[in-house]
Every structure is written in structure tokens, then in C-alpha cells.
2 protein chains.
Amino acid sequence: MNFGAVTIKDIAKELGISASAVSKALKDSHEISEKTKKLVLECAKKHNYQPNPMAQSLKRGNSKSLGIVISTIDNQFFSQVINGIESVAYSKGYNVIITQTHESYDLELSNVNHLTVRAIDGLLISLSTETRNLDHLKYLHDKGLPIVFFDRVTDELETHSVIADNCKGAYEATKHLIDVGFRKIAHVTSSPHVSITAERLKGYKLALEENNIPIDEKYIKYCLHGGRDLAEIENVLAELIQSTDRPEAIFTASERITTTTLTILHRLGVKIPQDIALLGFTNTHLAEVLNPSLSAVYQPGFDMGKKATEMLIGLIETKRPITEFQKVVLPTELFIRDSSQPVLISK
Amino acid sequence: MNFGAVTIKDIAKELGISASAVSKALKDSHEISEKTKKLVLECAKKHNYQPNPMAQSLKRGNSKSLGIVISTIDNQFFSQVINGIESVAYSKGYNVIITQTHESYDLELSNVNHLTVRAIDGLLISLSTETRNLDHLKYLHDKGLPIVFFDRVTDELETHSVIADNCKGAYEATKHLIDVGFRKIAHVTSSPHVSITAERLKGYKLALEENNIPIDEKYIKYCLHGGRDLAEIENVLAELIQSTDRPEAIFTASERITTTTLTILHRLGVKIPQDIALLGFTNTHLAEVLNPSLSAVYQPGFDMGKKATEMLIGLIETKRPITEFQKVVLPTELFIRDSSQPVLISK
DNA sequence: CTGAAAGCGCTAACAT
DNA sequence: ATGTTAGCGCTTTCAG
């Protein structure tokens with residue numbers, strides 16, 4: 001708390017004027033004389049006066065804070081998003097409360113509840129892998145809470161959203177694998193109920209179709225919990241590797257699945273890219289120093305956070321109700337490195 | 001905000017009783033009849049009553065939130081610390097406001113100010129690399145704000161702190177490098193004004209001394225901004241590499257310096273460990289799949305956050321003033337991988 | 001057992 | 001130009 005805080009009352013008393021005069025002077029009201037203003041400002045500075053945000057919030061009915069719900073902070077992509085969010089939130093006087101779902105619906109529910117109980121002015125959310133029922137968000141949205149979705153979004157609520165161009169990113173990635181000569185390309189992805197899964201899958205299939213490669217469902221593997229635990233991805237990879245018709249390349253669909261796949265293949269002694277090539281969505285800045293250097297689809301995490309927050313604050317601060325909702329799509333970037341090359345160019 | 005929120009007043013009106021009765025019933029006061037309590041509880045549940053936290057805070061003079069100041073969230077070590085912090089904060093009903101200094105004193109100053117203005121009940125801080133003057137924290141501490149330091153700490157304030165056993169971690173790392181046969185061991189570290197720098201340097205020197213290796217100042221390189229930008233580390237590494245007496249191994253002192261060093265050496269075409277061996281502090285879960293797999297000193301980030309938060313909440317919630325302050329030291333773990341081996345055992 | 005009233009710090013409509 | 005008052009939602013004496 002505002003320890004030993006000086007209040008408006010204290011200043012009023014010291015100056016022998018009323019509290020409301022001080023309040024008005026502090027916000028440079030036209031109905032206060034210059035002399036008094038100067039006096040008040042000086043006194044406030046002298047005592048390092050800071051308005052009590054609780055009192056202001058109670059009065060104004062806002063909290064100047066934004067809630068964020070993501071799967072986990074311990075993830076390059078999301079920490080970049082958070083950096084983007086903070087870069088605009090702080091400059092507009094909002095602070096930010098981050099909560100993590102760890103891909104669990106129950107945690108998402110309790111986090112959203114916790115946040116709204118704690119009084120936020122708006123919510124930024126990337127849905128958990130498990131989430132299928134959106135009633136908790138619809139309820140709040142109907143009550144008037146501004147919400148902006150990013151990354152894992154939904155069409156069930158009418159509001160703004162920001163995503164990467166997942167379909168195109170996946171398309172380019174798959175096309176690259178085809179271009180360098182692979183035809184048996186597996187796709188390891190998250191739960192089919194998550195928006196990004198569908199979008200990335202679409203891009204993957206598109207690239208195959210365009211190149212007359214039949215889509216083989218046994219090469220498409222879902223991790224229902226988004227790869228929250230290693231075992232989930234281990235099982236899926238074991239199936240692919242032990243398959244009689246083993247894929248030549250794997251295209252992985254998320255930060256965690258990508259890096260975990262690399263780790264598991266390493267442990268299994270599967271050589272990349274000789275035994276199996278690998279390319280995946282990841283924002284790790286270590287991609288070029290991995291073994292082998294990792295071909296990657298990079299998402300503009302920082303910009304995504306930035307854009308989502310701008311839109312959210314727009315929703316919060318606008319007077320009239322919004323009727324037009326935007327779906328912002330940000331481009332991804334494809335980085336070709338060694339892990340997706342059919343012949344390893346060793347250094 | 002609590003959108004369309006039901007207040008105590010609303011419940012009171014609906015039930016035809018007074019607001020204070022409702023308030024008391026809600027906290028199961030002994031001076032309210034069981035019958036009324038049941039009525040109130042039912043009504044509250046029916047309308048999904050949530051107390052307004054602003055009003056409660058204003059009344060109680062606390063905010064149930066903790067401020068965190070770290071250098072950056074985009075860092076495995078710190079994101080693990082945050083996970084630890086949240087694990088205890090939420091369970092005790094506190095929420096958490098994270099701010100980043102990006103190693104800048106000015107940002108630290110404005111963040112700390114922002115946080116206290118926003119009314120926090122306590123502060124968890126890892127000092128920025130640039131910070132030398134602690135007046136901003138002393139001032140708040142004197143006013144009674146509970147503060148717990150972690151990671152980069154100071155002796156200038158009398159309060160709890162939690163650190164890794166940096167000296168021992170550095171000692172073990174250096175000793176390992178000596179044991180496998182290196183004698184020319186460089187140390188690339190952060191600013192000499194930061195606590196962890198001194199501690200790690202001490203361990204480094206201790207290991208050298210114990211093995212009768214003279215300490216050579218030209219092998220000790222400081223990054224005054226903690227390696228905030230690449231160029232800083234590039235310069236330092238260039239000096240080491242171009243030295244006529246090039247070191248055989250480098251021991252790096254922080255998450256960012258370690259991973260950046262690996263990246264730069266890669267780009268320069270310096271082979272690890274053949275040309276130069278590398279071992280450093282890092283918490284990245286990708287260490288084993290780096291090229292080469294990276295020998296690392298691992299800090300218990302999660303436990304550090306957990307412990308620091310437990311102590312902070314202890315300070316906040318205790319009635320009587322604390323006189324005994326603890327300095328908790330958590331063990332590090334050394335992982336030997338390929339990057340520190342004099343002969344690479346290739347797979 | 002229940003209610004009335006005051007007050008946390010700030011603001012704004014309404015006096016003066 | 002300045003002061004008075006009421007009230008945001010909740011808690012806590014203090015009366016009844």
C-alpha cells in the first residue's frame with residue numbers, strides 16, 4: 001500500500017483550504033486560481049503526493065489494469081507477446097496481470113474468475129488447449145467486459161482478435177519441405193479444437209494437395225493437451241518412427257511441440273535431418289545454435305501483443321459501442337536452416 | 001471492472017435487511033442468526049456476488065497484490081522464478097504485477113514508482129545491472145514497504161533475500177573445467193556492481209587458486225550492461241579470441257551471456273569445444289539439444305520464486321516487526337555435457 | 001441479533 | 001474562486 005501516504009486531506013489541512021479545492025488544483029481545473037494551484041502543486045511535490053489508486057478506481061469504476069490469460073509464461077512466444085502487451089499497456093497507464101492456464105480448462109476458468117474478481121478493465125486471452133466451452137467468457141462479454149483474443153481465438157464471441165497467418169505459415173513450411181524433396185511429411189500438432197490447429201492443418205494440407213501428394217491421416221498426429229507433458233509427444237513420435245512407412249520429415253505446430261520433439265528425437269538417437277527432417281513453429285532465439293540448426297516458422301509475438309493491447313484499450317476507452325470487429329492477421333516468417341535439409345551440409 | 005456487479009446493498013435491498021447485516025453474514029459473523037446467514041448466502045450465490053476488491057482495499061488499506069521487478073521476462077531463469085512466485089501468491093490470494101527493467105536503472109526507478117503508486121503490499125526485486133544507488137528502495141523500505149530481494153541482491157537494506165549458491169556453483173563449474181584439463185579459463189560476466197557477479201567471480205577465483213592456476217585479469221571480462229545488447233558480448237569475445245594467449249575455455253555467468261556467447265561463437269565459426277570450451281549459468285531446457293550440448297550451471301528458479309514469495313507474504317502478514325532477516329541460499333546444479341569436454345565425443 | 005452511521009481517499013455536482 | 005456535501009462499496013464501531 002501507499003505507505004505513510006500523504007492524502008488530499010493532508011494537503012488541504014496544511015494549506016488551510018478544502019479537499020475539493022486541492023483535488024481540482026491537482027487536475028489543473030480552470031475554476032482554481034493560479035496562486036492556489038501553485039501552492040497546491042508545491043505542497044504536493046514537497047510531500048511526494050501520490051493519489052491513492054484504490055480510491056480513484058472505486059470512484060471512477062475502473063481499475064486501469066488488464067488481465068492476460070496465456071498457457072504459460074515459460075515459452076519464448078508468449079514472453080514476447082507479453083513484452084508487446086506491456087510496451088503499450090504501461091505507456092497508456094495500465095498495468096497488467098498475467099495468469100497461466102498450463103493448457104487446463106479448469107485453470108482458465110479459475111484464472112478468468114480471479115481476474116474479474118480482481119477488477120480488470122479488459123481481458124487479453126489465448127485460449128487453453130482444453131477449452132471447448134466458452135460460457136465463462138460469453139458471460140463476461142455480455143456483461144460488457146472488453147475482450148480481445150490472440151493466438152488461440154474463437155468465432156463464438158463477437159470481438160477483436162489478432163493471430164499470425166497460421167495457414168500461410170504452415171503452407172510455406174510444408175511447401176519448403178516438399179520443395180527440397182520430401183513427400184512423406186508428418187504433422188504433429190495440438191488439439192483439433194484449438195483455432196491454430198485448424199489453421200495450420202489447413203496450410204499443411206493445402207501445400208500437399210497443390211503438389212499432388214495425397215493426405216495421409218496416419219501422418220497427422222494430435223497432442224490433445226498441447227504437449228503439456230513430454231509423454232504425450234513421446235507417444236505420438238514413437239508411432240511415427242516405428243511406423244512401417246516412416247515419414248521423412250515432421251512439421252510441428254507449436255513452440256512447445258517443436259522444441260520437445262527435437263529433444264525427444266535426440267534422446268531416441270534419431271538423426272536430424274538424415275533420419276527425419278524437422279521444421280516447426282518456434283520463436284526461440286536459440287534456433288540457429290540448436291543441433292542441428294532448426295528451420296522454423298517464426299510468429300511476430302511482440303507485434304501480436306502490441307496490436308491486441310492497442311485494440312483492447314481502444315475498446316475500453318471508446319465511448320460508443322463498437323459494431324465492427326477486426327480480425328488482424330500478422331505475417332509469419334520462415335527461416336530455413338539445417339534441420340529441414342535432405343542432405344546435411346556439415347560445417 | 002466488476003461489470004454489472006451485484007453489491008452488498010443490492011442484496012440488502014432484496015432481502016429487506018441492512019447492508020451491515022449482509023456484510024457480517026457474508027463473513028459468518030457470530031452476531032448474525034443462522035437463518036439470516038443462510039438467506040444472505042443463498043442470495044449472494046444466486047446473483048454471483050463478488051466483493052468489490054477496490055472497496056475492500058480502500059477500507060483495509062491493502063491491495064493484495066505483489067510487485068515484481070526483474071530484468072526481463074524473456075529469459076528461462078526469470079520465467080521459472082515467476083512461475084514459482086505465482087504458485088504461492090495465487091494460493092494465498094495475492095496477485096502479481098510484473099515489470100521489467102531491461103537492465104536499466106531508469107526503468108527500475110520508474111517501475112518501482114509505478115508499482116508503489118499502484119499500491120502493492122510488497123515488492124520482490126532482482127536489481128538491474130545498472131543499479132548502484134538504492135535510495136529509491138531505501139525510501140520505500142523506511143516507509144514500511146516489505147521488500148524481498150532475490151537473485152541480484154544487496155546488503156544495503158535490512159531484509160530477507162534469496163539467492164542461488166552462486167559462489168559454489170561457479171566454483172564447481174570452474175573446477176570441472178580444470179579437472180578435464182583446461183588451465184586458461186576465461187570468465188565472461190556481468191557488471192562488477194551486481195551481487196551475483198562478485199559471488200560467481202569469487203567461486204571462479206577460488207577454484208583457480210586451489211589448483212595453483214594464477215588468476216589472469218585479462219581473462220576476466222565484464223559486460224557492464226549484463227549483455228543487454230549483442231555488441232557488448234561480441235566485443236568482449238573478440239578480445240578473448242584474438243588474444244595471443246587465447247583461453248581454452250570460457251565460463252559465462254548468466255543466462256543471457258551464456259546463450260549469446262554460444263550464438264556469437266557459432267557465427268564466428270569458432271568450434272566448441274575444440275577451439276574453445278564453454279560452460280555457463282543457464283536454465284534453458286534446450287541445453288541438451290544445443291550444438292554442442294551445453295554444460296550448464298542450473299539455478300533453482302522456481303524454488304527461488306517460491307521461497308522469496310513465502311518470505312514476502314510472511315513479512316506482509318506478520319503483526320510484529322521482524323528483526324531477524326534471513327539470507328536463503330539455494331543449491332545450484334552442474335550438468336556436464338559436450339561443450340566443456342576437451343575432446344568431443346561425437347555421436 | 002440487527003441497524004444506523006461513519007469513514008477509507010477521491011471526485012463532482014451543487015452551493016456560496 | 002472556493003467550500004460543502006454526498007457517494008463509490010465495504011467494514012466496523014456503536015446503538016438499539
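We name chains A, B, ... by the order of the sequence lines, and we start the count at 1 in each one.
Checking the phosphate oxygens (OP1, OP2) of C:dG9, no side-chain nitrogen or oxygen of A:Thr7 falls inside 4.0 Å. In this structure, A:Tyr49 does not reach the C:dG9 phosphate: none of its side-chain N or O atoms is under 4.0 Å from OP1 or OP2. When the side-chain nitrogen and oxygen atoms of B:Lys27 are compared with OP1 and OP2 of D:dT11, one or more of them lie within a distance under 4.0 Å.
Of the candidate nucleotides D:dT2, C:dG9, C:dC1, D:dT2 has the atom nearest to the side chain of A:Thr36. The side chain of B:Ile32 has C:dT2 as its nearest neighbour among D:dT11, C:dA12, C:dT2. Across D:dG3, C:dT11, C:dT2, the shortest atom-to-atom separation from the side chain of A:Lys24 is found for D:dG3. Ranking D:dT13, C:dC10, D:dC10 by closeness to the B:Gln56 side chain, first place goes to D:dC10. In this structure, of D:dC8, C:dG3, C:dA12, it is D:dC8 that holds the atom nearest to the side chain of B:Lys9. In this structure, the nucleotide among D:dG9, D:dT5, C:dC10 sitting nearest to the side chain of B:Lys59 is D:dG9.
For A:Tyr90 and B:His114, the ring centers are positioned less than 6.0 Å apart. For B:His136 and B:Tyr105, the distance between ring centers is under 6.0 angstrom.
A:Ile11 places its CD1 atom 16 Å from the P atom of D:dT2, with the value rounded to the nearest Å. Atom P of nucleotide C:dG7 and atom CE of B:Met54 are separated by 24 Å, given to the nearest angstrom. Rounded to whole Å, the distance from NZ on A:Lys13 to P on C:dC10 is 13 Å. Rounded to whole Å, atom P of D:dC10 lies 11 Å from atom CD of B:Gln50. Straight-line distance from the NZ atom of B:Lys64 to the P atom of C:dC8: 22 Å, rounded to whole Å. Spacing between atom CG of A:Asn62 and atom C1' of C:dC10 amounts to 13 Å, rounded to whole angstrom units. The nearest whole Å value for the distance from the CD1 atom in B:Ile8 to the P atom in D:dT11 is 5 Å. The interatomic distance linking A:Lys35 (NZ) with D:dA1 (P) rounds to 12 Å, in whole Å.
Shortest non-hydrogen contact noted between B:Val69 and B:Phe150 is O-CZ, 4.4 Å.
Residue-level contact check: B:Ser23 touches the bases, meaning some heavy atom is under 4.0 Å from a base atom.
Comparing B:Ile17 and A:Glu31 by the nucleotide of DNA chain C whose heavy atom lies nearest to each, the residue mapping closer to the 5' end is B:Ile17. Place B:Ser20 and B:Ala55 on DNA chain D by their nearest nucleotides, and B:Ala55 ends up nearer the 5' end. Ranked by how close their nearest DNA chain D nucleotide is to the 5' end, B:Ala21 and B:Leu58 are led by B:Leu58.
Under the 4.0 Å criterion applied to side-chain N and carboxylate O atoms, A:Lys138 and A:Glu158 are not assigned as salt-bridge partners. Under 4.0 Å is where a charged nitrogen must lie from a carboxylate oxygen, and between A:Lys45 and A:Glu42 no such pair does.
Looking at B:Thr36, its side chain never comes within 3.5 Å of a backbone N or O of B:Ile32 through a donor-acceptor pair.
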